[in-house]
Amino acid sequence: MRKNIVAGNWKMNTTLEEGVELANNVNALLKERKPNCDVVVCVPFTHLTSVNAVLEPELVGLGAENCSEHVKGAYTGEVSASMVKSTGAKYVILGHSERRQYFGENNEQLLAKTQLALENGLTPIFCVGEVLEERENGSYNDVVQGQVEALFSLSPEDFSKIVIAYEPVWAIGTGKTATAEQAQDMHAHIRKVVESKYGKEIADNTSILYGGSCKPSNAKELFAKPDVDGGLIGGAALDAESFMGIVDAFN
Ligand code: PGA
């Protein structure tokens, strides 16, 4: 059975002190409820160990926002999958559009990162999504298909461990959300693409999250769609109450 997941992506926000406070608040609010989804926070590398110390693992999972495509060695400034794992993190966001757009990450690198994450027992939250021009010129289904197919050299066993996040780039941080119908159409398309390679069982069991200006006021409608299994939340994850408002959309 596929899981419902609400994952926060803090991006490059919060000092260490602020991040620990936010994590504490998220943990405290989760203690008061029984969410109908798994809850994850993906935080800056510098925060992982300290945030791990304040989260109760049965309430909220911890993740990083990226990892290196290299195992180890002379890559100044990089952080490896095994380093991420050693902090207690269980997830890692890979291929976020900001990584693709501003840091030039390509399919080949993202496959290498995904393989290393899996080898180290991390669950990749693998992001895909089209830019505005591709939405407008109608190529969005093909674009996203290509991004998913970049992982098709993975074994079925490995692919079945991945969470996919569909994040239309034009909806990220813009306040412009995809309609629930647009999200559902793309999620169903992604599931078909996965099915074409890995079969129905793996496709049905793959969690596909929506991301892009998801907030408490629109989460319920998005999550009600049959192929939308939760959200990857940026801005609204920086406030524990609003993040919880999205978690509560599953109740
Ligand atoms: P947003 O970001 O919720 O601020 O639009 C989502 C994301 O980039 O993961």
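Order of appearance sets the numbers: ligands from 1, and atoms from 1 within every ligand. For the single chain, residues carry numbers from 1 onward in sequence order.
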Check: For ligand 1, is there an N or O atom under 3.5 Å from any N or O atom of Thr174?
Finding: no
Note to self: Give me the residue, atom name and distance of the protein heavy atom closest to atom 4 (O) of ligand 1.
What the structure shows: Gly235 N, 2.8 Å
Notebook entry, point to check: Which atoms of ligand 1 sit under 4.0 Å from any heavy atom of Gly173?
Noted result: 1 (P), 4 (O), 5 (O)
Check: Does Ala236 come within less than 4.0 angstrom of ligand 1, counting non-hydrogen atoms of the residue?
Finding: no
Check: So which bit of Ala171 gets within less than 4.0 Å of ligand 1, heavy atoms only: side chain, backbone, both or neither?
Finding: backbone
Margin query: I need the atoms of ligand 1 closer than 4.0 Å to a non-hydrogen atom of His96, numbered in the order shown.
Written below: 7 (C), 8 (O), 9 (O)
Margin query: Val169: which residues meet the side chain to side chain contact (heavy atoms under 4.5 Å, CB included) condition with it, sequence neighbours left out?
Written below: Ser97, Gln101, Val131
Note to self: If you measure every N or O of Gly211 against every N or O of ligand 1, does any of those distances drop under 3.5 Å?
What the structure shows: no
Margin query: Would you call the rings of Phe250 and Phe223 parallel, tilted or perpendicular, taking 30° and 60° as the class edges?
Written below: parallel
Margin query: Could you check whether any side-chain heavy atom of Val193 comes within less than 4.5 Å of a side-chain heavy atom of Val144, counting everything from C-beta outward?
Written below: no
Notebook entry, point to check: Can you list the residues that meet the side chain to side chain donor-acceptor pair (under 3.5 Å) rule with Lys31, with sequence neighbours excluded?
Noted result: Glu56
Next item on the list: Using only heavy-atom distances, determine whether the side chains of Glu167 and His96 contain a donor-acceptor pair under 3.5 Å.
Entry: yes
Next item on the list: Could you find the nearest protein heavy atom to atom 7 (C) of ligand 1 and give me its residue, atom name and distance?
Entry: Glu167 OE2, 3.1 Å
Next item on the list: Between Asn9 and ligand 1, find which residue part has any heavy-atom pair under 4.0 Å and reply side chain, backbone, both or neither.
Entry: side chain
Notebook entry, point to check: Would Tyr198 and Glu157 count as having a side-chain donor-acceptor pair, cut-off 3.5 Å?
Noted result: no
Margin query: Considering non-hydrogen atoms of the protein only, which is the closest contact for atom 3 (O) of ligand 1, and what is the distance?
Written below: Gly234 N, 2.9 Å
Check: Got Asn107 and Glu149 here, is their nearest side-chain heavy-atom distance under 4.5 Å?
Finding: no
